Amino acid sequence: AMEKTYVSMFLLLIAISCALAKDAGKKDTKDTTAKPKLPQTLSRGWGDQLIWTQTYEEALFRAKHSQKPLMIIHHLEDCPHSQALKKVFAEHKDIQKLAEKFILLNLVYETTDKNLAPDGQYVPRVLFIDPSLTVRADITGRYSNRLYAYEPSDISLLYSNMQKALKLLKTEL
């Protein structure tokens with residue numbers, strides 16, 4: 001009887017490792033059919049199919065010349081709050097769709113521009129900049145001690161703030 005259990009265990013192990021190998025194989029084919037590599041690494045997981053700018057300077061230039069608002073996400077790879085927000089942001093279909101109307105930048109380091117840290121250098125924080133290159137300090141989250149912070153539960157507020165950033169544009173320009 002003992003040998004029989006060994007055999008079934010062994011078969012189970014083979015089945016598991018095959019499934020894992022198949023999974024890994026699937027990933028590779030997905031990557032090759034995806035859009036060019038560059039935006040994917042720049043997205044850092046915030047939306048692989050979106051187009052992300054590489055630097056703050058490039059983002060400002062593109063916002064000004066395209067007359068689109070700029071959305072900047074400050075985050076850190078090893079910060080659990082950043083990771084949690086990133087997950088809901090990337091999985092939120094409406095946000096991903098709306099994000100196409102923005103110039104996008106996510107940063108894992110601080111810039112020298114003090115305007116990007118109106119109330120401190122915490123992460124995650126999300127700021128909007130209009131095409132006149134003004135930081136919209138008036139588009140805030142719900143925490144008075146960290147005005148530009150969003151928790152995963154605030155994702156609908158972030159969505160409406162994105163809509164607000166786009167509306168402001170239409171009325172002001």
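Being a predicted model, the structure only gives us computed values, none of them experimental.
- Residue Tyr56 is grouped with residue Ile103 when hydrophobic side chains (ILVMFWY) are merged at heavy-atom distances under 4.5 angstrom, including chains of intermediate members.
- Identified under the ring-ring contact (aromatic ring centres under 6.0 Å, His included) test for residues 85-104, with sequence neighbours left out: Trp46-Phe89, His92-Tyr159, Phe102-Phe128.
- The one candidate from Leu104, Leu105, Val135 that meets the side chain to side chain contact (heavy atoms under 4.5 Å, CB included) condition with Ile72 is Leu105.
- At a threshold of 4.5 Å between side-chain heavy atoms, the hydrophobic network of Ile, Leu, Val, Met, Phe, Trp and Tyr places Leu70 and Val126 in two separate groups.
- A donor-acceptor pair is defined here as one N or O able to donate and one able to accept, closer than 3.5 Å; no such pair exists between the side chain of Gln121 and the backbone of Ala117.
- Every pair passing salt bridge (Lys or Arg N to Asp or Glu O under 4.0 Å) that includes a residue from residues 79-91 is listed here, sequence neighbours excluded: Glu77-Lys86, Lys87-Glu91.
- The shortest non-hydrogen separation linking Glu151 to Leu85 is O-CD1, 3.9 Å.
- Residues Arg62 and Thr53 approach most closely at NH1-CG2, 3.4 Å, considering heavy atoms.
- The CG atom of Leu166 sits 11.0 Å away from the CG atom of Asn161 when rounded to the nearest 0.5 Å.
- For Asp119, the side-chain contact (heavy atoms from CB on, under 4.5 Å) partners two or more places apart in sequence, or in a different chain, are Tyr122, Leu147, Tyr148.
- Put simply, the side chain of Arg44 reaches to within 4.5 Å of the side chain of Val108, judged on heavy atoms.
- Under the 4.5 Å side-chain heavy-atom criterion for Ile, Leu, Val, Met, Phe, Trp and Tyr, Tyr109 and Leu60 are members of the same hydrophobic cluster.
- Of the candidates Asp154, Ile155, Ile95, Ile155 is the only one forming a side chain to side chain contact (heavy atoms under 4.5 Å, CB included) with Val88.
- Contact of the Lys68 side chain with the Lys101 side chain is not registered, since no non-hydrogen atoms from C-beta on lie closer than 4.5 Å.
- Hydrophobic clustering (ILVMFWY, side-chain heavy atoms < 4.5 Å, transitive): Leu76 and Ile73 are in distinct clusters.
- One hydrophobic cluster, built from ILVMFWY side chains closer than 4.5 Å, cannot hold both Ile51 and Ile129; they sit in different ones.
- A 6.0 Å sphere centred on OH of Tyr143 holds more than 12 heavy atoms belonging to other residues, nucleotides or ligands.
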